[in-house]
Amino acid sequence: MRVFSSHKELLKSVDSNKQVGLVPTMGSLHKGHLSLVERALSENEKVIVTIYVNPTQFNDISDLKKYPRNLESDLDKLRDYKNIFIYSPTDEDLYEEVVSKNYDLENLDKILEGKYRPGHFNGVATIVEKLFDIFNPNNAYFGEKDFQQLSVIKTMVKKLSISVNIISCETIREADGLAMSSRNKHMTSEERLIAGKINKFMIKVKEIYKNKKIDKVPISIIDELDSLKNCKLEYFEIENLSKHSSSLTDEGDRIFIACWIGKTRIIDNLALR
Ligand code: PAF
């Protein structure tokens, strides 16, 4: 493992003839991130893992300030992997001016997360385009937990004709079904128990969908979830993201959820087909 804060230095060390996989992260690594790193290592000769809390994708400054940062413990988790290069830059190494570009994401950045986090997806697309531009990877790995983000990145890549394979990787879950996330550690043990129920609600909707293809989550299920202690629902919707971007091939119907458990915002999704 080698760690770089300068992309120019990192590029000097990676043989440009090798097949490169890129795993962009914001750090606070958990098993979900490590599964991306392992998949990338199994499919590429060299893997670049980026650890950077990107300011342009935070629509709320207090969220940016409290986002967990644990570089030393992240490096400990990556230490035993061979053939990986870690890029942990300052803002200056990436941005001349810390602002987002504006992308044509059609309707993708107006629904679900886009509605609740204005500007978020332009910020994500900005940093991911920069990383693709710098490292020119053959393959780039993203988790399905942020399924809308994945669709935004696929759309951006298609519209800008960037030559990279976007590899979507299955969500890694805790034993009770909660999707792994860097934000989970903010919850108290009581909140954590409540959060563990979210996946069960998604499975309930999937069961109903199987018997009778519904296009909305039944109101009784929304009410049941919303009445959980400490839980404030933002959305719980069935969507097919390909309807919102002409760059996507059929992504299929999925259930998408965002809710607050205490002060922690949780998002998740599940394929219905
Ligand atoms: O999913 C994330 O952690 C971030 O949105 C990403 C893709 C690393 C861009 O900052």
Side-chain angles (χ1 to χ4, degrees), residues 7 10 21-37 39-40 47-61 63-71 73-74 77-78 84-91 93-95 98-101 103 105 108-109 112-114 116-135 137 139-157 160 162 164-173 179-186 241 256 258 264-269:
H7 66 268
L10 193 156
L22 181 74
V23 182
T25 82
M26 297 209 296
S28 259
L29 303 181
H30 50 67
K31 283 189 195 145
H33 296 113
L34 299 184
S35 74
L36 304 183
V37 173
R39 168 120 187 237
V47 169
I48 301 172
V49 180
T50 70
I51 300 182
Y52 176 63
V53 181
N54 169 42
T56 61
Q57 70 189 73
F58 285 81
N59 52 312
D60 172 358
I61 187 81
D63 190 24
L64 171 62
K65 281 193 182 141
K66 72 166 195 247
Y67 197 85
R69 290 161 175 86
N70 305 295
L71 185 60
S73 102
D74 288 343
K77 289 176 189 142
L78 296 172
I84 64 171
F85 296 79
I86 319 291
Y87 176 53
S88 165
T90 55
D91 292 343
D93 201 60
L94 279 166
Y95 285 98
V98 185
V99 285
S100 289
K101 267 177 69 176
Y103 294 84
L105 300 169
L108 260 191
D109 60 341
L112 305 169
E113 283 302 278
Y116 285 85
R117 302 188 66 190
H120 168 65
F121 287 127
N122 272 304
V124 170
T126 301
I127 189 65
V128 173
E129 188 196 353
K130 272 182 196 293
L131 295 173
F132 288 169
D133 192 40
I134 293 173
F135 297 117
N139 301 308
Y141 296 79
F142 298 90
E144 288 186 351
K145 166 166 175 293
D146 296 301
F147 197 84
Q148 195 177 357
Q149 163 172 287
L150 197 48
S151 302
V152 161
I153 293 166
K154 284 183 190 164
T155 299
M156 185 263 290
V157 161
L160 302 182
I162 301 174
V164 57
N165 298 315
I166 302 300
I167 316 285
S168 53
C169 305
E170 210 183 297
T171 302
I172 305 295
R173 298 182 179 278
M180 290 194 185
S181 160
S182 308
R183 295 173 194 267
N184 290 352
K185 54 170 77 101
H186 290 313
L241 295 187
F256 292 88
T264 305
R265 189 165 183 274
I266 305 239
I267 64 168
D268 204 347
N269 68 87

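It should be emphasised that the depicted structure is a prediction, and the values quoted were computed from it without experimental measurement. For the numbers below, each heavy atom of this structure counts, side chains included, while hydrogens, waters and symmetry mates do not. Order of appearance sets the numbers: ligands from 1, and atoms from 1 within every ligand.
Ionic pairing of K65 and D60 is not present here: no N-O contact between side-chain nitrogen and carboxylate oxygen is shorter than 4.0 angstrom. The pair K145-E170 fails the salt-bridge criterion, with no side-chain N (NZ, NE, NH1 or NH2) lying under 4.0 Å from an Asp/Glu carboxylate O.
With sequence neighbours left out, R69 forms a salt bridge (Lys or Arg N to Asp or Glu O under 4.0 Å) with no residue at all. In this view, L160 and Y103, E129, M156, I162 satisfy the side chain to side chain contact (heavy atoms under 4.5 Å, CB included) rule, not counting sequence neighbours. Scored by the side chain to side chain contact (heavy atoms under 4.5 Å, CB included) test, T50 finds L22, P24, I48, Y87, L131, F135 as partners (sequence neighbours excluded).
S182 contributes a side-chain N or O that, together with a main-chain N or O of S28, makes up a donor-acceptor pair within less than 3.5 Å.
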Quick one: ligand 1 N/O to protein N/O pairs below 3.5 Å?
unit_1	atom_1	unit_2	atom_2	d
ligand 1	1 (O)	Q149	NE2	2.8
ligand 1	5 (O)	Q57	NE2	2.9
ligand 1	5 (O)	Q149	OE1	2.7
ligand 1	10 (O)	Q57	OE1	2.6

